[in-house]
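See below for the structure under consideration.
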Amino acid sequence: MKIKAKAKPEFDKYWYYRNSVQAPDNDVQFLRETYKEIRGKDPVTLREDFCGTFAISCEWVKMGSKFKAYGVDLDSEPILYGLSHYLPQLAPAQRERVKILQENVLNPGLPKADVIAAMNFSHFIFKDRSVMKSYMHNAYATLNSGGIFVCDVFGGSQCYEANEEATEHKTHTYYWDQENYEPISGNALFHIHFKPKGQKKIEKVFTYDWRLWSIPELREMLRETGFRKTHVYWEGTTRSGEGNGIFTRSEKGEDCQAWIAYVVGEK
Ligand SMILES: C[S@@+](CC[C@H](N)C(=O)[O-])C[C@H]1O[C@@H](n2cnc3c(N)ncnc32)[C@H](O)[C@@H]1O
């Protein structure tokens, strides 16, 4: 009898992505705490724009029976992955409270929410100021009264040059590769590569063609689109000068090679 060789498991890019860059439990904690700090009460509904595999939405509904989440993404591929990998991990009652829409975040009529979040710098895809402003305007229009818009942003001197950073994990190496930075447009091209242990490096698993927006630009656009206040949440540092993962409201940041922050707009 001929024994067939076992098929090599297909490379699961979203598994590597999840285990390299995502921390949906930290994200929901930050979103909930930030809303509570501003509003003095819990939020109920989250809209996760650019949701991809909607890991944050799945984490949001785990917080309790009142929490509801909507995810919005253009691309069926990550949505289908989330539907087959993350949604089934939820209890049936939790699943009922997650709704996913394959839509453009620029479309009118998206579901209303207390918190609208654009995470992992996804909004950097809008390179044109007028398009970014129409996105923010759309978020403003669909926030419940007193709602907040939250997006993340990165910067630092390292962002203005080509470089590749490798991070070792138990099962693989994750590479964040900045191919270039073009100062006139402010655009930069990024790639994610992975090298599973004992295997060849798999190049350009994800590619991002982004404009590197600054914190003051994002705040200005939020104010121009109607948000009554904006805040910046800046990361604290450990004794050795590394980011400590704790973000607090601040009006003064410290310049460093690479930083991540959150910009928040209040409706
Ligand atoms: C950087 S990924 C981030 C996905 C997810 N937030 C995460 O952290 O895993 C950006 C996502 O935005 C989606 N996207 C890009 N432009 C969009 C648009 N105009 N409307 C909705 N989704 C969009 C892409 O399909 C992709 O899934």
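First listed ligand is number 1; within each ligand, the first listed atom is number 1. All values below were derived from every heavy atom in this structure, side-chain atoms included, with hydrogens, water molecules and symmetry-related copies excluded. Owing to the predicted nature of the structure, the values given are computational and were not obtained by experimental measurement. Numbering starts at 1 and runs along the sequence shown.
Of the charged side-chain nitrogens involved, at least one lies within less than 4.0 Å of a carboxylate oxygen, so that K127 and D209 count as a salt-bridged pair. One finds a salt bridge joining D42 and K66 here, because a Lys/Arg side-chain nitrogen approaches an Asp/Glu carboxylate oxygen to under 4.0 Å. Using a 4.0 Å cut-off between charged nitrogen and carboxylate oxygen, E164 and K201 count as a salt-bridge pair.
Atom 17 (C) of ligand 1 has L74 CD1, 3.6 Å as its closest protein atom, hydrogens excluded (heavy atom only). The nearest heavy-atom contact from the protein to atom 3 (C) of ligand 1 is S122 OG, 3.3 Å. For atom 1 (C) of ligand 1, the closest non-hydrogen atom of the protein is Y208 CE2, 3.3 Å. Of the protein's non-hydrogen atoms, F50 CD2, 3.5 Å is the one closest to atom 23 (C) of ligand 1. Closest to atom 26 (C) of ligand 1, if we only count protein heavy atoms, is D73 OD2, 3.4 Å. For atom 7 (C) of ligand 1, the closest non-hydrogen atom of the protein is Y17 OH, 3.4 Å. Ranking protein heavy atoms by distance to atom 20 (N) of ligand 1, first place goes to V105 N, 2.9 Å.
Classified by interplanar angle (parallel below 30°, tilted 30° to 60°, perpendicular above 60°), the ring pair F206/Y17 is tilted.
Residue-to-ligand polar distances place N104 within reach of ligand 1: an N/O pair is separated by less than 3.5 Å. Backbone and side-chain nitrogen or oxygen atoms of I125 are examined, and none is located within less than 3.5 angstrom of a nitrogen or oxygen of ligand 1. Close N/O approach between N120 and ligand 1 is found [any backbone or side-chain N/O within under 3.5 Å]. Residue-to-ligand polar distances keep D49 apart from ligand 1: every N/O pair is separated by 3.5 Å or more. Of the polar atoms of T53, none of the N or O atoms is found under 3.5 Å from an N or O of ligand 1, judged by distance alone.
Heavy-atom separations between E103 and ligand 1 include at least one value shorter than 4.0 Å.
Atoms of ligand 1 found under 4.0 Å from any heavy atom of C51, numbered from 1 in the order shown, are 5 (C). The ligand atoms of ligand 1 that sit less than 4.0 angstrom from a heavy atom of M119 are 6 (N).
Relative to the ring axis of W213, R211 places its NZ or CZ within 45° and under 6.0 Å from the centre. With a 6.0 Å cutoff to the six-membered ring centre and a 45° limit on the axis angle, K62 does not count as a cation-pi contact of F67.
With hydrogens and angles disregarded, no donor-acceptor distance shorter than 3.5 Å links the side chain of R249 to the backbone of H231. Judged by distance alone, with hydrogens and angles left aside, the side-chain atoms of E59 form no donor-acceptor pair with the main-chain N or O of A55 at under 3.5 Å. No donor-acceptor distance shorter than 3.5 angstrom exists from the side chain of D49 to the backbone of V72, with no hydrogens or angles considered.
Residue contacts with ligand 1, taken as heavy atom pairs separated by less than 4.0 Å, do not involve A55 at all.
The local environment of CD in Q102 is crowded, with over 12 non-hydrogen atoms from other residues, nucleotides or ligands closer than 6.0 Å.
A single hydrophobic cluster is not seen to contain both Y233 and I246; linkage of ILVMFWY side chains at heavy-atom distances under 4.5 Å, directly or through other members, places them apart.
Proximity annotation for atom 9 (O) of ligand 1: of Q22, Q102, E48, Q22 comes nearest, heavy atoms only.
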